[in-house]
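Notes for the one structure printed next.
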Amino acid sequence: METGGVFDSLLSGVCVVFTLGMFSTGLTDLRHMRMTRSVDSVQFLPFLTTEVNNLGWLSYGALKGDGTLIVVNAVGAVLQTLYISVYLHYCPRKAKVIQTKSTQCLSFSLTIATLLTSASWSLYGFRLRDPYIMVPNLPGIFTSFIRLWLFWKYPQEQDRNYRLLQT
């Protein structure tokens with residue numbers, strides 16, 4: 001097997017592992033929502049955007065015949081549908097990060113998982129010279145850096161103080 005083929009297989013495997021890892025971060029949110037019967041500290045937008053993204057990539061993978069894209073995005077679409085359904089079941093009004101100056105409603109693990117996943121898929125697309133894989137993942141990298149900046153600007157210690165004031 002040529003070196004490029006080994007690297008492509010390794011990169012495909014990394015994309016699968018990071019992506020499935022990112023999808024699994026929602027399991028913690030799912031468990032929290034079911035246990036507390038609320039959506040406190042759980043974000044909806046990442047579930048929705050990931051669902052739309054999965055369905056788009058699933059379609060593209062089917063057209064291209066790329067098994068990596070098909071498997072990962074089929075699993076992702078099923079999980080995101082589950083997360084959205086549970087979220088909508090327990091959803092009241094939500095507060096915003098900037099208004100509350102709190103990152104309590106942001107998931108740090110999802111932010112890191114999204115950064116790693118988007119970066120690996122962008123690299124995969126770059127390696128295949130496929131802008132349809134590479135370019136759509138660039139916003140995931142960008143928004144992950146924005147969320148990391150929010151975690152830096154509103155650190156967890158500040159969140160604890162905010163929660164104490166609320167009680």
Side-chain angles (χ1 to χ4, degrees), residues 5 7-94 96-97 103-151:
F7 181 75
D8 290 346
S9 294
L10 179 63
L11 184 55
S12 174
V14 167
C15 288
V16 169
V17 168
F18 281 156
T19 304
L20 294 178
M22 180 183 72
F23 296 154
S24 71
T25 63
L27 293 172
T28 303
D29 291 334
L30 180 69
R31 194 168 326 143
H32 173 77
M33 289 184 287
R34 295 199 65 207
M35 287 177 64
T36 64
R37 301 179 93 52
S38 77
V39 294
D40 292 341
S41 77
V42 178
Q43 298 173 283
F44 177 73
L45 191 57
F47 294 143
L48 180 61
T49 57
T50 304
E51 174 75 344
V52 170
N53 192 28
N54 286 143
L55 294 173
W57 285 114
L58 180 58
S59 299
Y60 179 70
L63 288 172
K64 190 172 179 168
D66 187 319
T68 300
L69 289 173
I70 293 168
V71 169
V72 165
N73 289 291
V75 169
V78 168
L79 286 174
Q80 298 309 314
T81 299
L82 174 65
Y83 300 155
I84 288 170
S85 299
V86 172
Y87 187 97
L88 292 175
H89 180 72
Y90 295 116
C91 181
R93 232 169 57 164
K94 303 275 297 165
K96 294 183 182 170
V97 173
T103 54
Q104 181 182 0
C105 68
L106 294 179
S107 169
F108 187 76
S109 60
L110 179 60
T111 299
I112 296 300
T114 300
L115 176 62
L116 293 173
T117 301
S118 297
S120 65
W121 280 110
S122 291
L123 183 59
Y124 183 71
F126 179 78
R127 178 71 177 147
L128 295 178
R129 292 186 173 92
D130 189 336
Y132 295 106
I133 296 174
M134 181 178 51
V135 173
N137 285 288
L138 296 176
I141 296 169
F142 179 71
T143 59
S144 293
F145 280 120
I146 290 172
R147 285 180 283 172
L148 287 172
W149 176 79
L150 288 169
F151 280 107

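Bear in mind that the values here come from a model prediction, so they are computed numbers and not experimental data.
For the side chain to side chain contact (heavy atoms under 4.5 Å, CB included) criterion with Tyr124, the lone passing option out of Asp66, Asp130, Asp8, Val14 is Asp66.
Listed by chain and number, the residues in a ring-ring contact (aromatic ring centres under 6.0 Å, His included) with Phe18 amount to none (sequence neighbours excluded). Under the side chain to side chain donor-acceptor pair (under 3.5 Å) criterion, Thr111 pairs with no residue at all, not counting sequence neighbours. The side chain to side chain donor-acceptor pair (under 3.5 Å) check on Ser118 picks up nothing, with sequence neighbours excluded. Residues passing the ring-ring contact (aromatic ring centres under 6.0 Å, His included) test with Phe151 are Phe108, sequence neighbours excluded. Judged as a side chain to side chain donor-acceptor pair (under 3.5 Å), and not counting sequence neighbours, Ser122 has no contacts. Legend: residues meeting side chain to side chain donor-acceptor pair (under 3.5 Å) with Asn137, ordered by chain and number and at least two apart, are absent.
To the nearest 0.5 Å, the span separating CG on Leu79 from CD1 on Ile84 amounts to 11.0 Å. Atom CE of residue Met134 and atom CZ of residue Arg129 lie 10.5 Å apart, to the nearest 0.5 angstrom. To the nearest 0.5 Å, atom CH2 of residue Trp121 and atom OG1 of residue Thr19 are 5.0 Å apart.
Between Tyr132 and Tyr60, the ring planes lie tilted relative to each other; the angle falls in the 30° to 60° range.
When every heavy atom of Thr81 is checked against every heavy atom of Ser85, the shortest pair comes out as O-OG, 2.8 Å. Between Met33 and Phe47 the shortest heavy-atom distance is CE-CE1, 4.4 Å.
Considering only heavy atoms from C-beta on, Leu116 stays 4.5 Å or farther from Met22 through its side chain. Between Leu11 and Phe126, every side-chain heavy-atom pair lies at or beyond the 4.5 Å cut-off. Contact of the Trp57 side chain with the Ile133 side chain is registered, since non-hydrogen atoms from C-beta on lie closer than 4.5 Å. Between Leu148 and Leu115, the closest side-chain pair of non-hydrogen atoms falls below 4.5 Å. Contact of the Val75 side chain with the Leu20 side chain is registered, since non-hydrogen atoms from C-beta on lie closer than 4.5 Å.
Counting only distance, with no hydrogens or angles, the side chain of Thr117 and the backbone of Thr114 share no donor-acceptor pair below 3.5 Å. Using a distance-only test at 3.5 Å, with no hydrogens or angles considered, a donor-acceptor pair links the side chain of Asn73 to the main chain of Leu69.
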